[in-house]
Q: 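Sharing a structure below in structure tokens format, with a few things to ask.
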Amino acid sequence: MSSSHSQNMKIGIVGFGTFGQFLAKTIIKQGHTITATSRSDYSHLCLQMGIHFFSDMSAFLDAENDVILLCTSILSLAEVMRSMPLTCLKRPTLFVDVLSVKEHPRNLLLRTLPGELDILCTHPMFGPISGKDGWKDLTFMYDKVRIQDEAKCSRFLQIFETEGCRMVEMSCEEHDKAAARSQFITHTIGRTLGEMDIRSTPIDTKGFETLVQLKETTMKCSFDLYSGLFTHNRFAIQELENLEHALFKVKEMLVQRMKEEQGQEKTES
Ligand SMILES: NC(=O)c1ccc[n+]([C@@H]2O[C@H](COP(=O)([O-])OP(=O)(O)OC[C@H]3O[C@@H](n4cnc5c(N)ncnc54)[C@H](OP(=O)(O)O)[C@@H]3O)[C@@H](O)[C@H]2O)c1
């Protein structure tokens, strides 16, 4: 019997870096079967995890997966899609991506995948640090971009529902608008604090402890990930300009107040 008729699915992960490995651990725990392929050789790690690793993309696609889960960097998705001989697929397959921007993979997948292949664009709004003790109440965003096999799509979404994620269905465009104002700004502040090399002091306030923590978690993400949030989200440039403008305005307010105080001191003396 095909695994598409049973509860457990066969899921092929493309891109077995930090995030691909993180997702794989929970998906395996739920009883699904995982295969993987990646630019680097993860055959040893995969052997330990009970995952069949393919260094050859054709053999990977030939392996009759129900779902292909794209976990590559934002910057490399186009190149990875070009390297896929899609004619090797033996059955209708659900393509899912987890990139932290959404219009870019949606447009690319619609352009490159033939109409009989389903597309689900998703963004788990958590990672190995925030999700280290489980995924309960963490947000999982998704957009059913092109779904013909609703049952298979639901079974895939169930992976995250089962873990207690807060499921949010939203268009890729709405995601990118919101993420530019939230996630991209968070990473930008974290990176900026990293540039300033902020460190704990003997007199940290709780607020400053939060900033040090923010710096540490954002600096753990690859620069490929961070720059992808900017280069492949059309709303990010405006938010970066808003941030620059806001910092400039705050500085102006302080300088203005200082001038007022200095003027007052002069008239008093
Ligand atoms: N980390 C998170 O918390 C998080 C959360 C939600 C979503 N995501 C998304 O998940 C994806 C993976 O994120 P990540 O944290 O693992 O780090 P990343 O730096 O964004 O991506 C690393 C992955 O991309 C692959 N890759 C990079 N350049 C490549 C190229 N030129 N050709 C083929 N493959 C290439 C790497 O393969 P090799 O390892 O084989 O070199 C690795 O699997 C990203 O799209 C990210 O936006 C991440």
Side-chain angles (χ1 to χ4, degrees), residues 11-27 34-46 49 51 53-57 60-61 67-85 95-109 112 119-135 138-143 159-160 163 165-168 170 172 175-176 178-180 182-184 186-188 190-191 213-214 216-233 236:
I11 298 176
I13 295 182
V14 182
F16 207 63
T18 311
F19 199 62
Q21 292 169 33
F22 167 72
L23 290 180
K25 282 177 202 145
T26 299
I27 297 175
I34 293 202
T35 61
T37 187
S38 209
R39 173 183 59 171
S40 311
D41 180 14
Y42 291 101
S43 48
H44 190 64
L45 174 67
C46 281
M49 294 175 77
I51 292 172
F53 183 81
F54 293 88
S55 43
D56 178 57
M57 183 62 92
F60 169 80
L61 291 178
V67 177
I68 300 284
L69 185 56
L70 302 163
C71 300
T72 59
S73 67
I74 297 166
L75 304 182
S76 67
L77 183 66
E79 187 187 331
V80 168
M81 291 308 296
R82 270 197 302 276
S83 74
M84 279 191 186
F95 275 69
V96 182
D97 86 282
V98 296
L99 272 61
S100 306
V101 294
K102 293 273 52 84
E103 286 192 313
H104 167 62
R106 179 201 61 193
N107 297 343
L108 188 74
L109 295 180
T112 51
I119 303 171
L120 175 70
C121 288
T122 79
H123 186 193
M125 308 301 301
F126 52 91
I129 299 175
S130 50
K132 71 178 186 328
D133 299 321
W135 302 352
L138 299 176
T139 302
F140 182 86
M141 172 272 162
Y142 65 97
D143 185 3
I159 294 173
F160 297 87
E163 296 301 315
C165 288
R166 193 173 72 88
M167 307 297 285
V168 178
M170 178 189 268
C172 291
H175 168 279
D176 283 5
S182 55
Q183 187 190 27
F184 171 66
T186 308
H187 279 246
T188 301
R191 291 258 159 195
Q213 185 82 52
L214 173 68
E216 275 160 16
T217 49
T218 47
M219 296 302 281
K220 278 196 182 115
C221 284
S222 72
F223 191 72
D224 273 2
L225 196 163
Y226 174 57
S227 55
L229 297 180
F230 180 71
T231 56
H232 289 285
N233 182 340

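Counting starts at 1 for both ligands and their atoms, following the listed order.
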Q: Report the nearest protein non-hydrogen atom to atom 47 (O) of ligand 1: residue, atom name, distance rounded to 0.1 Å.
A: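 Atom 47 (O) of ligand 1 sits closest to the protein heavy atom Ser100 OG, 2.6 Å.
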Q: Side chain, backbone, both or neither: which applies to Phe22 and ligand 1 if a contact is any heavy-atom pair less than 4.0 Å apart?
A: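 Neither part.
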Q: Taking only heavy atoms of Ile74 into account, list the atoms of ligand 1 that are under 4.0 Å away from them.
A: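 Ligand 1 atoms under the 4.0 Å threshold to Ile74: 45 (O), 47 (O).
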Q: Evaluate the ring planes of Phe54 and Phe60, with Trp represented by its six-membered ring, and classify them as parallel (under 30°), tilted (30 to 60°) or perpendicular (over 60°).
A: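 Rings of Phe54 and Phe60: perpendicular, over 60°.
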Q: Any idea which part of Leu77 is under 4.0 Å from ligand 1, heavy-atom wise: side chain, backbone, both or neither?
A: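 Neither part.
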Q: Parallel, tilted or perpendicular: which describes the rings of Tyr42 and Phe53, with under 30° parallel and over 60° perpendicular?
A: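 Answer is perpendicular, since the angle exceeds 60°.
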Q: When you compare the side chain of His232 with that of Leu75, does any pair of heavy atoms fall below 4.5 Å?
A: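 Leu75 vs His232: side chains touch.
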Q: Should His175 and Val168 be marked as a side chain to side chain contact (heavy atoms under 4.5 Å, CB included) after you check the CA-CA gap, both sets of side-chain angles, and the distance that decides it?
A: CA-CA 10 Å; His175 168 279; Val168 178; over 6 Å; no
Q: Looking at Asp176 and Asn233, would you say the former's side chain and the latter's main chain have a donor-acceptor pair under 3.5 Å?
A: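 The answer is no, because no donor-acceptor pair under 3.5 Å joins these two groups.
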Q: For atom 39 (O) of ligand 1, state which one of Tyr42, Phe19, Phe126, Phe16 supplies the nearest heavy atom.
A: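 Nearest heavy atom to atom 39 (O) of ligand 1 lies in Tyr42.
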Q: Tell me the nearest of Ser222, Gly20, Cys221 to atom 19 (O) of ligand 1, using heavy-atom distances.
A: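 When every heavy atom of Ser222, Gly20, Cys221 is considered, Ser222 comes closest to atom 19 (O) of ligand 1.
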Q: Can you tell me how the ring of Tyr226 sits relative to the ring of His187, calling it parallel under 30°, perpendicular over 60° and tilted otherwise?
A: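 Plane angle under 30°, so parallel.
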Q: Mind checking whether Met125 contacts ligand 1 via backbone (N, CA, C, O), side chain (CB onward), both or neither, at a 4.0 Å heavy-atom cut-off?
A: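 Neither; no heavy atom under 4.0 Å.
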Q: Is any side-chain heavy atom of Thr18 closer than 4.5 Å to one of Pro128?
A: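 Yes, at least one pair of side-chain atoms sits under 4.5 Å.
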Q: Tell me if a side-chain donor or acceptor on Lys102 pairs with a main-chain N or O of Thr122 at a distance below 3.5 Å.
A: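 Checked: pair present.
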Q: Is the contact between Ser73 and ligand 1 made by the side chain, the backbone, both, or neither, using heavy atoms and a 4.0 Å cut-off?
A: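 Contact part for Ser73 vs ligand 1: both backbone and side chain.
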Q: Thr72 heavy atoms, cut-off 4.0 Å: which ligand 1 atoms fall inside?
A: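 It comes down to these atoms of ligand 1: 11 (C), 12 (C), 24 (O), 44 (C), 45 (O).
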Q: Taking the minimum heavy-atom distance to atom 31 (N) of ligand 1, which of His104, Gln21, His123, Arg39 ranks first?
A: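 Closest candidate by heavy-atom distance is Arg39.
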Q: For atom 15 (O) of ligand 1, which candidate among Leu225, Leu229, Leu70, Asp41 provides the closest heavy atom?
A: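 It is Leu225 that holds the nearest heavy atom.
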